[in-house]
Structure formats: C-alpha cells, structure tokens
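Inspection log for the structure reproduced underneath, given as structure tokens.
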Amino acid sequence: CTQAIRGSFFDITAVVDMPTQLPEQARYIEDGLLLLNGGEIVSLQPWEEGRLQLADDVPVLDYRGKLIVPGFVDTHIHYPQTEMIGAYGEQLLEWLQQYTFPVESQYHCPQHAAKMSAFFLHQLLSNGTTTALVFGTVHPESVDALFTAADGLGMRLIAGKVMMDRNAPDYLTETPEQSYQQTRALIERWHNKGRLSYALTPRFAPTSSPELLSKVSQLKAEFPDTWMHTHLSENPQEIEWVKSLFPAHKNYLDVYDAYQLTGRRSVFAHCLHLEEEEWDCLHKTDSAVAFCPTSNLFLGSGLFDLNTCWQKGVKMGMGTDVGAGTTFSMLQTLGEAYKVGQLQRYKLAACEAFYHATLGGAHALDLDSRIGNFSPGKEADFVVLDPAVSALQQMRHANSKDIWEKLFVLMTLGDDRNIAATWVNGQCVWQTHSEVKAA
Ligand code: GUN
Ligand code: FE
C-alpha cells in the first residue's frame, strides 16, 4: 500500500432491499486504519489489526477525532443553475421560464462555462460530494467545460448536454438531428474517458418532441452503456401538460418507456406524483429515482414517498437539484429529507439517510461496484467530517450517546462547515485550513 489513514470510519457494507436490513450492514470502527494503493482501497480494519500490516515506510495520516465516511453521491444536479440558486417566488414551469432559461443561455460561451464549472466542482468537493449526475445546458460547450474540469480533479462524474427541441426559447432549442449529432460527438469524446461517463439528457417530456425522443432512443441503442437522465412527475401542472402533449400514452413515465428510455442506467428526478403503474414500471425496468427534498420544498412541488419507493423496490439516490435545490450540502439535504419523511409519518433514521447519500446513491447510478463504501478494490473517494464545528454542535456531539445519534445530529445541524477534507481517487482535493498531522 502507498497510503494509510487513521480515524473513525462509518460505511454501509452492502446494498439492501429494505431499510430494516441496514443496521446489520452498517460498520463503525471507532479507531480504524484505511490502507490505499494509489486511488484504490486495499483494506479498512481496526487500528490494532491494521498497524501490524503496515510497512515502516508508509506514513500514517492522523485524522483521529474526525469521522470518515464514503464520498457523497449527488444523483441529480444542474451545474449551470449554480448562479441562480434561491430565485424568488415561482413554481416549476414559471421558474423555468423566468429564471432558468435566461441563465442557461450563457453556456454557449466556453469561458463562462469553464469559470462556472470550476466554481461548481469546488462547491461539490467542499460539501463532501465526490460523484454527481449532472445536467449541462443545450450547448455542447457546457459539457466540454465540465468534463475537462472534472477530469483535471480525477472525479467520477456523469454528465450530459440537455436535449430539447420545443416549448423553450429559440435560443435554447435545437433540431432533433442537431441534438443527435452533437450528443453523439460528446459521447465519443468523453464517455468512459478516465472516470467520466456520459448521460443522455432530454430535459423532460414537455421540451421533447416525439422526433427528439426517437433520437435519444437511437443513441441509447447505439451506446447501451451510457446513462439516461431526465425529470419525471415533479409538478401537477407539468403532469397535465404531458398528458395533453402525449395523449396516446398511459401516463407520464410511459412517454419515456415507449422510447426505451427506462432501464438500469436511467435516473428520473423527483417522481412525486406517480401512479401505481409508474412505480411498477420503474421497478420492472430497474430504473432509479432521485429524491431532491430541498428542491421539492423550495418549488412547492410535493413530498417524495420514501415508503412506497422501498415497498415497490425502486432504486433511489439523493439529489440536491441545485438551482431549484437550495444547497450543495448533502448533510442539509438529508436533514430536509428527514422532515419530508416526518410530514408523512416516515422515520428516516441516520443509518438509512447516510446509505442513500453513499452506497444507495451509488447503486442508483449503477456504480456500486466502484464507489459507495470502503470495500477492498473500490475507488478511494471519501469525506473527513468534523462532527462539531460550533458551540452548539460541540455540546450536542458531546451529549450524544452513540454513533447513530452523532450521525443524526450531523444531518440535522450539519452543513459545509463540517467537511474537514474531501478525497478523490486517493488524493486529498479539498481541505479546510485546519492542519492535518502525520502520526
Ligand atoms: N424540469 C425540467 N427542467 C427542470 C429543471 O431545470 N429543474 C427542475 N427542478 N425541474 C425541471
Ligand atoms: Fe432538476
């Protein structure tokens, strides 16, 4: 091994079918040693066992007093919307027209896209998010800039250019053929390059003509290992609109399903008002959904039904959905998810919440063989959490009786201040000014 890290570690060791199975898969090692070989995890063991295997020439990085968890996975976010986060007053369709489309119009400019990509990735990393599934804009330049920046950091990232050809301003629409050609060129340039992957990204059904959806379908058939990323059933007016635009389809999801856009690598953001048949279709096709609590509350879209999601056996990950979402922080996002649960009598335990933010999210993105916990052979992406960075947190941390309570307090009181360092591919890519010492 080439690096050794000492500290407290928490992860979930296996994907589960039901939240009741989570406590037995949870692993907490209060004094642990993580061994890395370059960007790969070799082992995680209690310090007393691990130190015996340690070669003399490998220095031990000492993070004692910190809690180290797998890097957070954000399963739905729009990088160009970073600059309009917190726009006042509207629900989805008006919010898109009034705020989103004008901001997205700027990403034809490579310089602007590069500047915002760097800012965006810094926001992710300083919040402990090491992998994300990301919307660009309709402009290929937006995606080139983002992938270039992510590649420079060694981040595992999935992204795509928005595809849309109707019901949006002229300056943001394209023809189905242009959309096909530009997307195809981006796939060839970026898909499977290092840790980068491409997601076909039709914005949502209302901005897609049947011809455009056919092109998306054609690309999925030509490049079957790409991802598919879109929105589904977020807002009641949106759903009515889809019904009027696609009257021949049984329901909203059926529009995507009819074009073979459901499947193991398909991720549908929101899914707040699904019919029973749509849940069943998500399950049957092994599609995943992204739960975006801060966005759903901010736009007044609705409450995600976690219980049904488990009961229907649908894969789910957490999404911030910035800029409709109001934070990049996965800790804050989990805190809001807890409140969404409370409004529906669902008790989101810390163990389950951290699962969704790590291994569960990785599973939703079909990346659980590579990231999501500290299993040997996985990629070394992790976050060093400082569990108490304010007087209030220090008091509450000290009087917490066990790891569950400490994790729960982190998700109710925590935010970016709690991220001491973020590691990607075996390298520290972000850290607070407080120093790290070698043991
Ligand atoms: N539906 C279609 N486009 C968008 C978007 O940019 N954000 C959200 N939250 N929903 C959408
Ligand atoms: Fe979104």
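In listed order, ligands and their atoms are each counted from 1.
- Comparing heavy-atom distances from atom 10 (N) of ligand 1 across M164, E104, E234, H270 singles out E234 as nearest.
- At least one N/O-N/O distance between R203 and ligand 1 falls below 3.5 Å.
- Taking the six-membered ring where tryptophan is involved, the planes of H76 and H270 are perpendicular, since the angle between them exceeds 60° and thus also 30°.
- Nearest protein heavy-atom contact of atom 5 (C) of ligand 1 is H78 CE1, 3.5 Å.
- When side chains are defined from C-beta on, W241 counts as touching L93, because their heavy atoms get closer than 4.5 Å.
- Distances below 4.0 Å separate heavy atoms of Q81 from the following atoms of ligand 1: 5 (C), 6 (O).
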*Determine, stepwise, if the pair W423 / Q3 fulfils side-chain hydrogen bond (donor to acceptor under 3.5 Å, both in side chains).*
CA-CA 12 Å; W423 286 60; Q3 287 191 92; over 6 Å; no

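- Ligand 1 has a nitrogen or oxygen under 3.5 angstrom from a nitrogen or oxygen of D321.
- Within the 4.0 Å heavy-atom shell around ligand 1 one finds W95.
- Residue, atom and distance of the protein heavy atom nearest to atom 4 (C) of ligand 1 are H231 CE1, 3.4 Å.
- Shown here are the protein N/O/S atoms lying under 2.8 Å from the Fe ion (ligand 2), water excluded: H76 NE2, H78 NE2, H231 NE2, D321 OD1.
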_Between H356 and L306, does the side-chain contact (heavy atoms from CB on, under 4.5 Å) criterion hold? Intermediate values first, please._
CA-CA 11 Å; H356 292 313; L306 254 168; 3.8 Å; yes

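- Contact annotation: for T207 versus ligand 1, there are no heavy atoms closer than 4.0 Å.
- Residues L331 and F72 meet the side-chain proximity criterion, which asks for heavy atoms closer than 4.5 Å.
- Of all atoms in ligand 1, numbered sequentially from 1 with element shown, those under 4.0 Å from a heavy atom of A324 are 9 (N).
- Using bins of under 30°, 30° to 60° and over 60° for the plane-to-plane angle, the ring pair Y256/F268 lands in the tilted bin.
- Judged by distance alone, with hydrogens and angles left aside, the side-chain atoms of W227 form no donor-acceptor pair with the main-chain N or O of V267 at under 3.5 Å.
- Residue-ligand proximity: E238 is placed with every non-hydrogen atom at 4.0 Å or more from ligand 1.
- Looking at N127 and T129, their side chains never bring a donor and an acceptor atom within 3.5 Å of each other.
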*Go through the steps for M84 and W95 under the test side-chain contact (heavy atoms from CB on, under 4.5 Å), then give the verdict.*
CA-CA 11 Å; M84 49 145 317; W95 175 87; 3.5 Å; yes

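- In summary, of the residues considered (D286, D366, T285), a side-chain hydrogen bond (donor to acceptor under 3.5 Å, both in side chains) with R264 occurs for D366 alone.
- At least one side-chain heavy atom of H191 sits less than 4.5 Å from a side-chain heavy atom of T226.
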